[in-house]
Protein chains: 2
Amino acid sequence: MKYSKQREIILRALEMNVIHPTADELYKLIIKDFPNIGLATVYRNLNLLAEKGIIKKIYGLDDAAHFDHNTHNHHHFICTKCNKIYDIPYDIASDIADNVWKKTGFTIEKTELSFHGICKNCQTKN
Amino acid sequence: MKYSKQREIILRALEMNVIHPTADELYKLIIKDFPNIGLATVYRNLNLLAEKGIIKKIYGLDDAAHFDHNTHNHHHFICTKCNKIYDIPYDIASDIADNVWKKTGFTIEKTELSFHGICKNCQTKN
DNA sequence: TCCTAAACTGATAATGATTATCATTACTAA
DNA sequence: TTAGTAATGATAATCATTATCAGTTTAGGA
């Protein structure tokens, strides 16, 4: 993996945003400051960074993949009203992968927990 | 919701298959016996049935949505070698949604746990 | 410093999954 | 039987993502 200015920019942009953006959302943020960057470059680098474990790729929240600079073990909640994505602490179910292994004998490489519902903020409104 | 022969066929085809098919996979199975059915009809009805809670739509296993006639609470494991999808019993983490609610105050409507790894069968093959 | 190979880029075409459109058909309640 | 509406099949459109490719940048020697 060779250094590239674009990758640097993409990683910084992701780190500055706690909104778990999709590749396209991040692209739209970045072109404001770097109008020459290509959409494919954003996709490419996000995937590369996720492969290397430098960032996280989150599936299953909606139809698009989201990216997260927080690589610590944690899960996600998406509010079906405001569509905001929240982090859920890992210790909510820290032994779950181990349980699955004990019960099934399957080797677990990745555990993805996603919760859908109404966040506290949207509950009080309305 | 009005009766339709196609919906009946789609539901039966899903019930007969434990393979958690995608809409397209199910379509390819069905046209063998019902060559006139349209792909859009399969998508439409699977989504409709999932909305009504008659079947389950599973996200996050791979890029396509899979469907499951088993509506009992349970989770899924996908083997990264053979791509087979296995059911994981619910009691592996039966209190997890409750835990999230207690910790965050968020109302949980849907909990989706998906595990990726190597199944027992593929482990022994090597 | 200069040179080359490999990695990276931007633009865009291609893909794959899914949804929208629309004219036609099938169900159902009166 | 009929009218109203939901459903259908064919296909165009969309959306997210990946592949392609010619030109550019980077990095590690000579």
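In this text, all values refer to a predicted model and were calculated from it rather than measured experimentally.
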Does B/T41 reach the main-chain N or O of B/I37 with its side chain, forming a donor-acceptor pair under 3.5 Å?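 Answer holds: no.
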Donor-acceptor contact present, side-chain B/S94 to main-chain B/Y90, <3.5 Å: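 Checked: no pair found.
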Nucleotide by nucleotide, 5' to 3', does protein get under 4.0 Å of the base (B), only the sugar-phosphate (S), or neither (-) in nucleotides 21-30 of chain C, counting heavy atoms? B-----BS--
Any side-chain heavy atom of A/I108 within less than 4.5 Å of one from B/H116?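 Counting from C-beta outward, A/I108 and B/H116 never come under 4.5 Å.
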Rounded to the nearest angstrom, tell me the gap between atom [atom1] in [X] and atom [atom2] in [N].
X: A/L48; N: C/dA7; atom1: CG; atom2: C1'; value: 10 Å
X: B/F67; N: C/dA17; atom1: CZ; atom2: C1'; value: 11 Å
X: A/L46; N: C/dT9; atom1: CG; atom2: P; value: 11 Å
X: A/N47; N: D/dT18; atom1: CG; atom2: C1'; value: 9 Å
X: A/H66; N: D/dT17; atom1: NE2; atom2: C1'; value: 14 Å

Should B/I88 and B/L113 be marked as a side chain to side chain contact (heavy atoms under 4.5 Å, CB included) after you check the CA-CA gap, both sets of side-chain angles, and the distance that decides it? CA-CA 9 Å; B/I88 301 293; B/L113 316 207; over 6 Å; no
Using a heavy-atom distance cut-off of less than 4.0 Å, which residues of residues 21-37 of chain B contact DNA chain D?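 The stretch gives B/N36, B/I37 as the residues lying under 4.0 Å from the strand, ordered by number.
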Taking DNA chain D as the partner, which of residues 50-63 of chain A come within under 4.0 angstrom of it by heavy atom?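 Residues of residues 50-63 of chain A under 4.0 Å from DNA chain D: none.
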Work out which heavy atom in A/P21 is nearest to a heavy atom in A/E25; give both atom names and the distance.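 Shortest heavy-atom contact: CA-OE1, 3.2 Å.
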Would you say C/dT19 has OP1 or OP2 under 4.0 Å from some side-chain N or O of B/Y43?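 Answer no for this pair, as no side-chain N or O of B/Y43 is under 4.0 Å from OP1 or OP2.
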A/K120 atom NZ: more than 12 heavy-atom contacts under 6.0 Å: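 Check fails, neighbour count at 12 or below.
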Any Lys/Arg nitrogen of A/D95 or A/K102 sitting under 4.0 Å from an Asp/Glu carboxylate oxygen of the other?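 Looking at A/K102 together with A/D95, the answer is no, because their closest N to O distance does not fall below 4.0 Å.
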Output yes when A/K103 and A/D98 qualify as a salt bridge under the 4.0 Å nitrogen-oxygen rule, no when they do not.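 So A/K103 does not pair with A/D98 through a salt bridge.
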Using salt bridge (charged side-chain N to carboxylate O under 4.0 Å, His left out) as the criterion, list what pairs up with A/E15, not counting sequence neighbours.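 For A/E15 the salt bridge (charged side-chain N to carboxylate O under 4.0 Å, His left out) partners, ignoring immediate neighbours, are A/R12.
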Find the bend of the helix from C/dT1-D/dA30 to C/dA30-D/dT1 as the angle between its two terminal axes (five pairs each), to the nearest 10°.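 Computed angle between terminal axes is 30°.
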For residues 58-68 of chain A, which residue pairs qualify under side chain to side chain donor-acceptor pair (under 3.5 Å), counting only residues two or more places apart or in two chains?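 Sorted result for residues 58-68 of chain A: A/H20-A/D68, A/D62-A/H66, A/D68-A/H74, A/D68-A/H76.
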Verdict with supporting geometry, A/L49 and A/M1, side chain to side chain contact (heavy atoms under 4.5 Å, CB included): CA-CA 10 Å; A/L49 289 165; A/M1 190 153 121; 4.3 Å; yes
So, A/F115 versus A/H75, ring centres under 6.0 angstrom or not?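 Between A/F115 and A/H75, the centre distance exceeds or equals 6.0 Å.
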We want to know whether A/N70 and A/K56 form a side-chain donor-acceptor pair, criterion being a heavy-atom distance below 3.5 angstrom.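 Side chains of A/N70 and A/K56: no pair found under 3.5 Å.
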